[in-house]
Amino acid sequence: MSATVFEMAATCETHQGLLDECKAARNEWNSRRAEISKLGLRGKKIDNELMRLQARFAKSYAMVRSHLRGCECCQSARGAYDIGRYQDRSGVVPQLHIPLFSGTHQLHR
């Protein structure tokens, strides 16, 4: 068994639950942005919805990072704690190919 697989298997249940919530929030935000873009929806209500989904993802992502910093079980399972080595950015951070907002409330320069 490789060290990476062992490290992933040895993390606590709390970490896995937080990570699952984070991925679900990211997926919901991404799918809704894609749907809004495809349908060409615009307006303040749409912008507010996207901001709410983005905030939900950001909060869940922060909770995962905070847990990793503070959990002795997760840190000992990985040996010397190094979030940069563990973290797979493509697995958590969303790909932002679609605008975050509908465009009706952009600042004019």
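Between Tyr61 atom OH and Leu18 atom CG the span is 13.5 Å, to the nearest 0.5 Å. Rounded to the nearest 0.5 Å, atoms OG (Ser31) and NZ (Lys38) are 12.5 Å apart. Rounded to the nearest 0.5 angstrom, Arg52 CZ and Asn48 CG are separated by 10.0 Å. Rounded to the nearest 0.5 Å, atoms CG (Leu41) and CD (Glu49) are 9.0 Å apart. Here Cys71 contributes atom SG and His15 contributes atom NE2; the two are 9.0 Å apart, rounded to the nearest 0.5 Å. With rounding to the nearest 0.5 angstrom, the CD atom of Glu35 is 13.0 Å from the CG atom of Asn30.
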- Just do the side-chain contact (heavy atoms from CB on, under 4.5 Å) check on His67 and Cys74 with the steps written out, would you? CA-CA 8 Å; His67 175 79; Cys74 290; 3.4 Å; yes
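Arg32 forms no cation-pi arrangement with Trp29, by the criterion of a distance under 6.0 Å to the ring centre and an angle within 45° of the ring axis.
Taking each heavy atom of Phe57 and Ala25 in turn, the nearest pair found is CA-CB, 3.7 Å.
Side-chain contact check for Gln16 versus Glu13: every heavy-atom pair is 4.5 Å or farther apart. Using a 4.5 Å heavy-atom cutoff, the side chains of Glu28 and Arg56 are in contact. For the pair Ile36/Arg33, no side-chain contact is recorded, criterion being any heavy-atom separation below 4.5 Å from C-beta on.
Looking only at distances, no side-chain donor or acceptor of Ser66 sits under 3.5 Å from a matching main-chain atom of Ala62.
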